[in-house]
Amino acid sequence: MAVAGLDLTVAAGECFGLLGPNGAGKTTTIEILEGLTPPDTGDVEILGTPWRDGAAGRALRERLGIQLQETQLADKLTVNEVLGLFRSFYRQSHTVEEVLALVELEEKRNARVVTLSGGQKQRLAVACALVSKPELLFLDEPTTGLDPQSRRQLWEIIRRFRAAGGTILLTTHYMEEAERLCDRVAIMDHGKIIAQGTPKELIASLGADHVVDFAPTEGGIPDDLVEVLRQMGGVSAVRTGSDGISLTVVELHRALPALLALLKERGVELSLLTTHHATLDDVFVALTGRQLRDT
C-alpha cells in the first residue's frame, strides 16, 4: 500500500513540503492531489473543490500548475515553441515573454530542448507549470540531480511565486531545501505522515541544538560507554550505528569538552569527529533510526 491513512491540509498562500525517502509515498500522494491517480478510498479537495470529470475537472486544472518528477519534452522543439504549446492549453496565461522572464530563460528562447543543460530543462518544466498563472503549484522533487547553482536558481523562482501570493506543495528528500523554502512540512515514511509542523518546531522536538558524530578507530567502543554517554550532562539522545555514534546535545560548548575528556579517560581513539546544527534529517533519524537518503 503506497499511501495509508494520510490526512493533510495545506493553507492558501503557504509553501508546504512533503519530505521522505524514495518509496515513502510522496509521488503517489502528489499525483492523487493533482488528479492524475484516483485514490482507492478517501476524499480530496483542491482549492475547495473535489475532483470531478468533465467541465468541473477542466475548470480546476485551469487553476493548477504541475511539474512532474520526470518531464519529457520534445527534443527538437525550441523553448519558445514548448511554451507556446503549453499556453495554448489554457483560457488565460502568461505570454511566452513573461514566463521566460519568470524563470530567467530569455537567452534560451530559440534554443532546442535537446541543447539545454539539466538545470535549464528543469526551469523550462517549471515554466510550463507557471504559464497558466496558477493559484496552486505542485512541484515533485524539482531540484533532484541538479548542481548547487541550478538548485538555488530554482529556489529563487519558487520564492518569487510564493511572495506573489501563490500556494506551493512540493516533495523533496533534500532537508536543507525544505528548511529554506517551506512554511510547514510533513515527513512521510512507508505511506504515512510521521511528523508535521514548521521546520523549527520539528527540529526543536529533538530537545537539542547540535549533533555530534564520532567514530572510534579499530579498537572499538567499550560496552558500557554508550550508557555513560546517555548520562552525560547536556546529552538528550544517543544513537549508535555501523558508522559510529551520534549525540544530540543541548550545549555544544560544554558537551564536546566533556565527551573528549571521557574518551581520553577510557582510552578511545577517534577516526572521525564532526558537529553540526540539528536539521530535519536528524529529526527523520530520531523518528525512524535511518538516514533520509538511505535506499
Side-chain angles (χ1 to χ4, degrees), residues 3 8 10 13-37 46 61 63-73 79 82-83 86-87 89 93-94 98-106 108 113 116-188 199 279-281 284 292-293:
V3 179
L8 186 66
V10 178
E14 75 174 338
C15 181
F16 191 97
L18 274 180
L19 316 182
N22 293 333
K26 304 187 302 296
T27 294
T28 301
T29 298
I30 204 170
E31 287 183 351
I32 289 172
L33 300 179
E34 292 165 346
L36 298 177
T37 300
I46 303 297
R61 284 186 171 86
R63 304 167 66 190
L64 307 180
I66 296 173
Q67 175 260 325
L68 302 174
Q69 192 174 84
E70 292 186 18
T71 303
Q72 300 295 332
L73 300 171
V79 170
V82 168
L83 294 176
F86 271 77
R87 73 184 295 265
F89 301 151
S93 64
H94 287 292
E98 286 171 340
V99 79
L100 282 172
L102 287 175
V103 299
E104 299 178 356
L105 279 178
E106 297 98 325
K108 293 294 182 178
V113 170
L116 301 180
S117 69
Q120 290 165 347
K121 287 180 179 177
Q122 201 73 325
R123 276 187 281 157
L124 178 56
V126 173
C128 293
L130 291 175
V131 74
S132 63
K133 301 182 180 179
E135 299 170 48
L136 171 59
L137 184 61
F138 290 103
L139 302 173
D140 194 0
E141 299 196 1
T143 64
T144 296
L146 297 186
D147 62 84
Q149 181 180 358
S150 297
R151 183 173 294 137
R152 282 172 172 76
Q153 287 174 323
L154 264 177
W155 287 355
E156 189 55 37
I157 293 168
I158 294 168
R159 287 192 184 103
R160 288 199 296 265
F161 179 81
R162 164 76 174 74
T167 304
I168 303 164
L169 177 62
L170 67 86
T171 73
T172 183
H173 52 230
Y174 294 119
M175 288 301 192
E176 179 193 9
E177 183 164 280
E179 289 175 37
R180 287 175 178 260
L181 296 178
C182 296
D183 301 297
R184 289 190 304 130
V185 298
I187 300 178
M188 290 189 71
T279 66
L280 287 174
D281 199 22
F284 185 80
L292 185 72
R293 298 302 300 275

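Just so it is clear, the model here is predicted, and its values are computed rather than measured. For the single chain, residues carry numbers from 1 onward in sequence order. Basis for what follows: all heavy atoms, side chains included, without hydrogens, waters or symmetry-related copies.
- Annotation: side chain of L116 is not in contact with side chain of L105 (no heavy-atom distance under 4.5 Å).
- By the salt bridge (Lys or Arg N to Asp or Glu O under 4.0 Å) test, R184 pairs with E14, sequence neighbours left out.
- One finds the OG1 atom of T28 at 11.5 Å from the CG atom of L36 (value rounded to the nearest 0.5 Å).
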Subject >> Test log, rule side-chain contact (heavy atoms from CB on, under 4.5 Å), inputs F16 and L8 >> reply: CA-CA 10 Å; F16 191 97; L8 186 66; 3.3 Å; yes
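- Side-chain contact between V103 and L124: absent, with no pair of heavy atoms (C-beta onward) separated by less than 4.5 Å.
- With sequence neighbours left out, E98 forms a salt bridge (Lys or Arg N to Asp or Glu O under 4.0 Å) with no residue at all.
- For E179, the side chain to side chain contact (heavy atoms under 4.5 Å, CB included) criterion is met by M175, P199, I203, T279, L280, not counting sequence neighbours.
- Evaluation of the side chain to side chain donor-acceptor pair (under 3.5 Å) rule for T71 yields no partner, not counting sequence neighbours.
- When all heavy atoms are compared, the tightest approach of M188 to P21 is O-CD, 3.6 Å.
- Contact detail for G145 and Y174: the closest heavy-atom pair is N-OH, 3.7 Å.
- In this structure, H173 NE2 and K26 NZ are separated by 7.0 Å, a value rounded to the nearest 0.5 Å.
- Distance check, rounded to the nearest 0.5 Å: CZ of R152 to CZ of R180 gives 5.5 Å.
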Side-chain atoms of residues 125-138: list all donor-acceptor pairs with protein atoms under 3.5 Å, sequence neighbours left out, distances to 0.1 Å.
{"residue": "E135", "atom": "OE1", "partner": "R63", "partner atom": "NH2", "Å": "3.1"}
{"residue": "E135", "atom": "OE2", "partner": "R63", "partner atom": "NE", "Å": "2.8"}

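- For the pair R123 and L154, the tightest heavy-atom approach, listed with the atom from each and the gap, is CG-CD2, 4.0 Å.
- Listed by chain and number, the residues in a side chain to side chain donor-acceptor pair (under 3.5 Å) with E177 are T143, W155, T172 (sequence neighbours excluded).
- Closest approach of G25 and T29 over heavy atoms only: O-OG1, 2.8 Å.
- For E104, the side chain to side chain donor-acceptor pair (under 3.5 Å) test picks out no residue, with sequence neighbours left out.
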Which side-chain N or O atoms in residues 157-171 pair as donor and acceptor under 3.5 Å with protein atoms at least two apart or in another chain?
{"residue": "R160", "atom": "NH2", "partner": "L102", "partner atom": "O", "Å": "2.7"}
{"residue": "R162", "atom": "NE", "partner": "G13", "partner atom": "O", "Å": "3.1"}
{"residue": "R162", "atom": "NE", "partner": "D183", "partner atom": "OD2", "Å": "3.0"}
{"residue": "R162", "atom": "NH1", "partner": "G13", "partner atom": "O", "Å": "3.1"}
{"residue": "R162", "atom": "NH2", "partner": "D183", "partner atom": "OD1", "Å": "3.2"}
{"residue": "R162", "atom": "NH2", "partner": "D183", "partner atom": "OD2", "Å": "3.1"}
{"residue": "T167", "atom": "OG1", "partner": "G13", "partner atom": "N", "Å": "2.6"}
{"residue": "T171", "atom": "OG1", "partner": "D140", "partner atom": "OD1", "Å": "2.5"}
{"residue": "T171", "atom": "OG1", "partner": "E141", "partner atom": "N", "Å": "2.9"}

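- In this structure, the side chains of L68 and E34 come closer than 4.5 Å at one or more pairs of heavy atoms.
- Considering only residues two or more places apart in sequence or on other chains, T37 meets the side chain to side chain contact (heavy atoms under 4.5 Å, CB included) condition with E31, I32.
- Under the side chain to side chain contact (heavy atoms under 4.5 Å, CB included) criterion, E70 pairs with Q72, not counting sequence neighbours.
- L139 is not listed as a side-chain neighbour of I30, based on a closest heavy-atom distance of 4.5 Å or more.
- With contacts defined as side-chain heavy-atom distances shorter than 4.5 Å, the pair L19/F284 does not qualify.
- Screening residues 164-173 for salt bridge (Lys or Arg N to Asp or Glu O under 4.0 Å), with sequence neighbours left out, gives no hits.
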